[in-house]
Structure formats: C-alpha cells, structure tokens
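All chains are named by letter (A, B, ...) in the order of the sequence lines, taking the proteins before the strands, and each is independently numbered beginning at 1. These numbers come from a predicted model, not from an experiment.
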Protein chains: 2
Amino acid sequence: MKDPLDTAYLETLLGYNARRAALTIIARFMERMAPFDLRPVDFSVLSLIRHNPGVTSRQLCNELNILPPNMVVFLKTFEKRQLIQRKPHPTDGRATGLSLTAEGETLMQAAEACAMQSDLSVVERLSAAEQKTLTRLLKKIYQTDSV
Amino acid sequence: MKDPLDTAYLETLLGYNARRAALTIIARFMERMAPFDLRPVDFSVLSLIRHNPGVTSRQLCNELNILPPNMVVFLKTFEKRQLIQRKPHPTDGRATGLSLTAEGETLMQAAEACAMQSDLSVVERLSAAEQKTLTRLLKKIYQTDSV
DNA sequence: TATTGTTATACTCTATAACTATA
DNA sequence: TATAGTTATAGAGTATAACAATA
C-alpha cells in the first residue's frame, strides 16, 4: 500500500491546480480573518458595501452570485452586529441603500489590511513579477470567459 | 443606482481572483462533464483509482481531503454504476483495494480526454507560454504552502 | 491501543417557491 | 407586468460520534 499516490495526471489539469491553489489561499485567509469573525463571503459583501455606499441588496447578489434569499440572512447578521445600516433608496421605494456604520468601517479597514497581509503570506515565495503575472492570468481566465 | 459596481479593491486580492478563476474553470468542467454524469469530485476520485489501482478508500480520503463517511457514499454510487470493483487487500484484512471495471476504464478514458479539452477551451486566449506559467505558479502556491 | 470501513446524524451552504410592496 | 426584498423550506455538501473488524 504505497502512500504517496500517483497524482501526476490530476496535476496536468488546470482545474485541479486552480482549485487546490484557491483552497490554499482561502484557508490562509480564513485563519487570518478569524479574529474579525468574517468568512470570505462576509468579507466580500462588506467590502463591496464599503466601496459602494448606497448599494442595494440586489446589486450585491448580482456581483457575487449570491441568491437573494441567502443575502437576506447575511445582511440580517451584519445588522445585528451593527456593521451596516439601511436607508430608504432615494429614487426606488422598493429598494434599500446599504452602507457601513462607523463600527463597520473600523472593522473593515482592519480586515482589508489583514486580507492584504494574508495574500502576501501566501505568495511570499513568488517574485514580485510572478505575483503580478499570476493575478493578470487569473483575471484573464474569468474575464474572457463571459465573452 | 449604478449597476456596474466598483470592484477595484476586491480585484486586488489574490483570493478573489483565484476563487473567480477557479469557479470559471469548474463551471466549464461541469458543463462538459455532464454527459458522463461526473461531478469534479467524482472525476478526481475515479481518476486517482484509475492511476493507482489497488488504492484504498483511506488513501483517497487523505489525498483529496474527503472525510471517510462521505467517501463511503461516493464509492457506493460508483459500485452501483459498475464503474469500480473492490478486492480484499493483499496484506491488510481491514482494507479494500479499489480498481476500475472495464466499464469504468472506458468511461474514464473518455472523461479524461474531455477534461483536457475543457481546460483547453478555458485557456484558449492564453498563449502556450502563459498556460505553462499559470500552471507553474498555481502549483507553487499550494506546494510551498505545506512547507 | 490504533486504524479501516461503516452507519447514523447534525450542521452548513445553496437553491426553489411563493408572498408583499413598489415600479 | 416586472422587480426588490422577504419568508419558509428543500436539497446538496460537509462534519462529528460511535461502532465492528482487523492490525
């Protein structure tokens, strides 16, 4: 019973490599983000709200591929934690504009700095040029896909 | 209500880009693999069995980060589909050696060819050099992590 | 005592149907 | 009629506890 399995074939597959790399990056992210009690999806939602004050729930859903019923739960939790506030939308009576509270702003400022550090810790063995290249190629994958 | 949200910050994060790229690749993979009725995890398990005949359930779990109780369900399904067979392990009475049936071999031969085509369709806008670089950098991410 | 494989079950995440209020 | 937000719920995916058989 040889324990180091032959994974040579799987390693030729882009999907296998991309998934394992993404899992590595996300695992590191979760470790570091634990003190903030933010999962990756929480971070993404709150960061989008931070950089798009007044954004609606539906816009967040479209951008992050989250279904509206699930977003409701996230936003409810953020509101209980007093990280976000809701204001009536200026022109659309159905919608609600979301923004960070002062508390949310303080948290996300620290969390975004933490996220950057997390990234750096993962790619520290890549040269600066390799890091730029990796980001560029990853973007090329998902941006050219929707064409 | 501006619909194209400002995602500039998120796009600076490696995790965000890696996750989106991985989702793109996996979505394409699932589309193409649908005729074989194989999810990514099914493909990974069957491919490992194919290239490691006699492998045990526990070894597959270790390699793919799948918990034993969940693997039981997968293997049960494969057995019902007559894709794999179980033989008593030659030296360990507790364990079972797994291998593909002729039917499984036929299926996986086609599925692996399909997987390669799926990859190619995703990276077709990358030059050959870029493709090699991307794979190399992705491996560097998850292989250097465990050091 | 530790490990393989297994059952049963709990928990989390994601998806669907249907409703209300407004456009 | 279509859309934003919501509720309730179903389903898929993942995790924990405990067991029998073997090492």
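A:Asn62 has its CG atom 8 Å from the P atom of D:dA4, to the nearest Å. Distance CZ (A:Arg39) to P (D:dT14): 15 Å, rounded to an integer number of Å. Spacing between atom CG of B:Asn70 and atom C1' of D:dA12 amounts to 11 Å, rounded to whole angstrom units. Going from atom CG of A:Leu67 over to atom P of D:dA12 covers 15 Å, rounded to whole Å. Look at NZ on B:Lys76: it is 7 Å from P on C:dT6, rounded to the nearest Å. Atom C1' of nucleotide D:dA20 and atom CZ of B:Arg94 are separated by 13 Å, given to the nearest angstrom. What separates CD1 of A:Ile66 from C1' of D:dT6 is a distance of 16 Å, to the nearest Å. The nearest whole Å value for the distance from the CD atom in B:Glu79 to the P atom in C:dT6 is 9 Å.
Of all nucleotides listed (C:dT6, D:dT7, C:dT4), D:dT7 comes nearest to the side chain of A:Pro69.
Taking the charged nitrogens against the carboxylate oxygens, A:Arg81 and A:Glu103 have no contact shorter than 4.0 Å, which rules out a salt bridge.
The distance from atom CZ of B:Phe29 to atom OG of B:Ser121, rounded to the nearest 0.5 Å, is 11.5 Å.
Relative ring orientation between A:Tyr16 and B:Tyr142 is described as perpendicular, the plane-to-plane angle rising above 60° on a 0-90° scale split at 30° and 60°.
Residue B:Arg86 places at least one side-chain N or O closer than 4.0 Å to OP1 or OP2 of C:dT6.
In terms of position on DNA chain D, the residue among B:Asn65 and A:Ser57 whose nearest nucleotide sits closer to the 5' end is A:Ser57.
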